[in-house]
Amino acid sequence: MRVEPLEPEHLPRLLDLINTHLPAVVPGWSLTAEFLETHLKRDMTEPVTDPWVVERTTLCVDGEDGMRAAAHLLRYGDGEEVGEALRGAGEINWIVSHPEYPDAALAVLTTAREWLAVRNVTREEVWGGGMFVPVFCGVPDSWPHVVSALETAGYRTGSERREALYGGSLNGVPEPEGPPVPDLRLRRSPGASGTRFSAMLGAREAGYCEIVADLTRDNALPALRGWAELAELRVDEGWRSRGIGAWIVRHAVAGLRSAGCERIVFCVAAADEAAGAGRFYRRFGWEVLVRETRSWSRQQRTS
Ligand SMILES: CC(C)(COP(=O)(O)OP(=O)(O)OC[C@H]1O[C@@H](n2cnc3c(N)ncnc32)[C@H](O)[C@@H]1OP(=O)(O)O)[C@@H](O)C(=O)NCCC(=O)NCCS
């Protein structure tokens, strides 16, 4: 089993391997060759942390019938400009493998560990597989062969790292009606992640959501056309269960529909889901697409 650095001639085979994994997360999602080539040099989905990367490599095990496993490794700088959590750290940014070749995944993980060890990284973490595309960034349960390779190689995670990827159609969501609370008005403004829809009571924001209406990254990911992301949603504790959350979401969805979006996708942390957010979202007809765990490390985590 030969683990080697990815060369340009491997790219089409890596693309095939990745594009058998992505639709097991969100049906219809795939990468283009151009996007993958760019992603290996610069991660457009991480504008804050990617400039901190000082070294990156992709390792692979190729085979006659296609690529068997590949992992993308990053090493972050140790300067002041690097956020504390990543300063001097090393990361397996993603790993994918052919389900019939578990040894290939283990060989890639062993070489990855050696690559990180000789660089004396302060922390070693595995993020997952979702780093190729926006929205999801863990190891999904629908890649059991990857989960099994990580566990066999000694990586562990914790239940606090569990989350669900929800998604569905915008069609069944009713148009917004009048405000559920007297004097509530809607404000639309630019937010930190996307367009912010706020439920305002006078000058006070009682709740908000943020929406990203285009996930194609300037057409670099055409398979994601028509999808939007619900990036954040929150209603102040004292104002919950009065219909404000549903009213904000209905307004946001009406805006998305008029912009030509058809479907939505978003992450929900396991704790929020258990507290009632899952029930809230299912009322719009949105369901769990996949569950995933973000961030695995070789120190034992307990939950
Ligand atoms: C989820 C949330 C935005 C709903 O806002 P809201 O104004 O209470 O929503 P509505 O009044 O329209 O709907 C109420 C439903 O929200 C859900 N809900 C209520 N309290 C909740 C809580 N603490 N956490 C999560 N969901 C809750 C329930 O399904 C509830 O229905 P029920 O009253 O029949 O049980 C709000 O509860 C919240 O901010 N929760 C914390 C943050 C969060 O979970 N955000 C979503 C994660 S992506």
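Positions are given from 1, in the same order as the sequence printed here. When reading the values below, keep in mind they use all heavy atoms of this one structure, side chains included, and skip hydrogens, waters and symmetry mates. Whatever order the structure lists them in is the order used to number ligands and atoms, beginning at 1.
Here CZ of R119 is found 11.0 Å from CD of E114. Values are rounded to the nearest 0.5 Å. Atoms CZ and CG, on R298 and L150 in that order, are 11.0 Å from each other to the nearest 0.5 Å. Separating the CG atom in L74 from the CD atom in E55 is a distance of 10.0 Å, to the nearest 0.5 Å. Interatomic distance, L40 CG to T58 OG1, rounded to the nearest 0.5 Å: 4.5 Å.
Nearest to atom 9 (O) of ligand 1 by heavy atom, out of W247, F280, Y166, is F280. Atom 48 (S) of ligand 1 has its nearest heavy-atom neighbour, among Y208, W239, Y281, F266, in Y281. Taking only non-hydrogen atoms, the option from G278, G245, A206 nearest to atom 6 (P) of ligand 1 is G245.
Ligand 1 is approached by S241 to a heavy-atom distance shorter than 4.0 Å. Contact analysis leaves E232 out of contact with ligand 1, as no non-hydrogen atom separation drops below 4.0 angstrom.
The closest protein non-hydrogen atom to atom 5 (O) of ligand 1 is V235 CG2, 3.5 Å. Here the heavy atom of the protein found nearest to atom 45 (N) of ligand 1 is L233 O, 3.0 Å. Regarding atom 25 (C) of ligand 1, its nearest protein heavy-atom neighbour is A277 N, 3.4 Å. What sits closest to atom 11 (O) of ligand 1 on the protein, heavy atoms only, is G243 N, 2.7 Å. If you check which protein heavy atom lies closest to atom 30 (C) of ligand 1, you get R283 NH1, 3.9 Å. If you check which protein heavy atom lies closest to atom 17 (C) of ligand 1, you get G276 O, 3.5 Å. In terms of protein heavy-atom proximity, atom 41 (C) of ligand 1 is closest to R240 NH2, 3.4 Å. The shortest contact between atom 22 (C) of ligand 1 and any protein heavy atom is with A275 O, 3.7 Å.
L221 pairs with exactly one of L215, L31, T32 by the side chain to side chain contact (heavy atoms under 4.5 Å, CB included) rule, that one being L31.
The two residues S169 and W286 make their nearest non-hydrogen contact at O-NE1, 2.8 Å.
Per-residue contacts place R234 under 4.0 angstrom from the following atoms of ligand 1 (heavy atoms of the residue considered): 39 (O), 41 (C), 42 (C). Close contacts between ligand 1 and R279 involve ligand atoms 28 (C), 29 (O), 32 (P), 35 (O) [criterion: under 4.0 Å to a heavy atom].
Between F35 and H39, the ring planes lie parallel to each other; the angle is under 30°, not in the 30° to 60° tilted range. H21 and H145 have tilted rings, their planes meeting at an angle from 30° to 60° on a 0 to 90° scale.
For the pair R234 and D272, the salt-bridge criterion is not met [side-chain N within less than 4.0 Å of a carboxylate O].
For atom 28 (C) of ligand 1, the nearest protein heavy atom lies closer than 4.0 Å.
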Check: Taking it one step at a time, do S297 and E124 satisfy side chain to side chain contact (heavy atoms under 4.5 Å, CB included)?
Finding: CA-CA 6 Å; S297 69; E124 180 196 329; over 6 Å; no
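In terms of N/O distances under 3.5 Å, ligand 1 is approached by A246.
Side-chain atoms of R240 come within 3.5 Å of backbone N or O of V235 as a donor-acceptor pair.
Contacts with ligand 1 closer than 4.0 Å are made by backbone heavy atoms (N, CA, C, O) of R242 only, the side chain lying farther away.
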